[in-house]
Amino acid sequence: MRKKIIAGNWKMNKTFEEGLALVTEIIGMTKDEYSGSAKVVLIPPFIHVNAVSKMVAGNANIQAGAQNCSNYDSGAYTGEVSAGMIKSCGASYVIIGHSERRQYFNETNSLLASKTDAVLKNGLTCIYCCGETLEEREANHHFDVLKKQVSEGLFHLTAEQFENVVIAYEPVWAIGTGRNATPEQAEEVHVYIRNLIKELYTAEISENIVIQYGGSVKPDNAKELLNQPNIDGALVGGACLKADSFLKII
Ligand code: 13P
């Protein structure tokens with residue numbers, strides 16, 4: 001049985017103090033109100049990861065993650081952060097292939113495949129993002145685009161490695177726009193991705209993989225989206241920056 005994962009991607013928001021204040025609020029509110037039916041992942045900027053990891057360390061349902069990592073282990077790569085460093089800071093998850101990284105930092109599927117390897121090699125869970133642009137959806141190319149992103153980024157992995165992979169379907173046209181995919185649109189894509197995995201791996205792996213939806217998830221649309229049988233959680237951007245809206249989604 002898949003357990004839902006609600007992850008908050010802070011993107012490039014929050015100073016150190018603001019970030020820690022947000023985490024304090026989330027921890028406080030989850031203690032009182034949260035039944036623990038979903039896993040929660042807080043994904044701040046790199047320089048907050050260690051502090052956030054320490055803050056959530058005593059809480060069985062909340063873990064920390066990072067938004068990106070290098071495909072290299074170590075060395076002369078100024079400005080980069082390795083998966084091993086992230087692990088050593090106490091985080092458990094790394095987002096790979098967010099559309100903002102694909103779009104603004106030219107990350108290709110083959111680079112993302114090697115970043116995924118780095119994440120898994122270090123015993124972390126990879127949240128691998130995929131999603132089509134508006135143009136691609138309007139041209140009815142979204143399934144082809146998704147197949148390419150998922151297969152080129154992930155299908156070199158062994159069945160065993162797949163146990164530490166989460167997929168996040170984030171249509172680019174729904175990110176930060178206030179226009180979410182309808183539950184039916186998202187469910188259709190999630191079923192498609194699950195079937196791709198079934199074709200190449202096994203029915204068991206495809207049944208067990210967590211596929212999150214991301215793109216303008218808010219308190220007022222989360223329930224409908226998360227009630228779909230193949231939507232196993234959310235990757236939340238804007239609405240995770242305030243404790244009350246993030247908690248309502250959780
Ligand atoms: P928004 O929730 O702000 O649309 O962002 C979604 C996202 O990109 C999460 O990774």
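Keep in mind that the numbers below use all heavy atoms, side chains included, and drop hydrogens, waters and symmetry copies.
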- Item | side chain to side chain contact (heavy atoms under 4.5 Å, CB included) evaluation trace for Phe143 with Glu132 | CA-CA 8 Å; Phe143 290 123; Glu132 80 284 0; over 6 Å; no

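- The side-chain heavy atoms of Val166 and Tyr128, taken from C-beta on, include no pair separated by under 4.5 Å.
- The residues Lys198 and Glu207 are annotated as not salt-bridged, no charged nitrogen and carboxylate oxygen being separated by less than 4.0 angstrom.
- Ser216 places a side-chain N or O within 3.5 Å of a backbone atom of Ala174 that can act as its donor or acceptor partner.
- Ile26 and Val23 end up in the same hydrophobic cluster when Ile, Leu, Val, Met, Phe, Trp and Tyr side chains are linked at under 4.5 Å.
- Counting only distance, with no hydrogens or angles, the side chain of Tyr77 and the backbone of Ser82 share no donor-acceptor pair below 3.5 Å.
- For the pair Ile175/Ser99, a side-chain contact is recorded, criterion being any heavy-atom separation below 4.5 Å from C-beta on.
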- Message: side chain to side chain contact (heavy atoms under 4.5 Å, CB included), that's the test. Do Val41 and Ile5 meet it? Break it down for me.
- Response: CA-CA 7 Å; Val41 187; Ile5 302 178; 3.7 Å; yes

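- The hydrophobic cluster containing Leu42 also contains Ile250, counting ILVMFWY residues as joined when their side-chain heavy atoms lie under 4.5 angstrom apart, directly or transitively.
- The hydrophobic cluster containing Tyr104, built from Ile/Leu/Val/Met/Phe/Trp/Tyr side-chain heavy atoms closer than 4.5 Å, also comprises Phe105.
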- Message: Quick one, Lys248 with Asp220, criterion salt bridge (Lys or Arg N to Asp or Glu O under 4.0 Å). Give me CA distance, side-chain angles, the key distance, then yes/no.
- Response: CA-CA 9 Å; Lys248 279 182 188 142; Asp220 61 1; over 6 Å; no

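- Side-chain contact between Val165 and Leu120 is present, with heavy atoms from C-beta onward closer than 4.5 Å.
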- side chain to side chain contact (heavy atoms under 4.5 Å, CB included) evaluation trace for Cys69 with Val81: CA-CA 6 Å; Cys69 76; Val81 173; 5.8 Å; no

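- His141 places no side-chain N or O within 3.5 Å of a backbone atom of Glu136 that could act as its donor or acceptor partner.
- Without hydrogens or angle criteria, Glu18 side chain to Thr15 main chain gives a donor-acceptor distance under 3.5 Å.
- In terms of the ring-ring contact (aromatic ring centres under 6.0 Å, His included) criterion, residue partners of His48 (sequence neighbours excluded) are, by chain and number, Phe16.
- Of the listed residues (Lys4, Lys3, Arg194), just one forms a side chain to side chain donor-acceptor pair (under 3.5 Å) with Asp232, and that residue is Arg194.
- Residues passing the side chain to side chain donor-acceptor pair (under 3.5 Å) test with Glu107 are Arg101, Lys115, sequence neighbours excluded.
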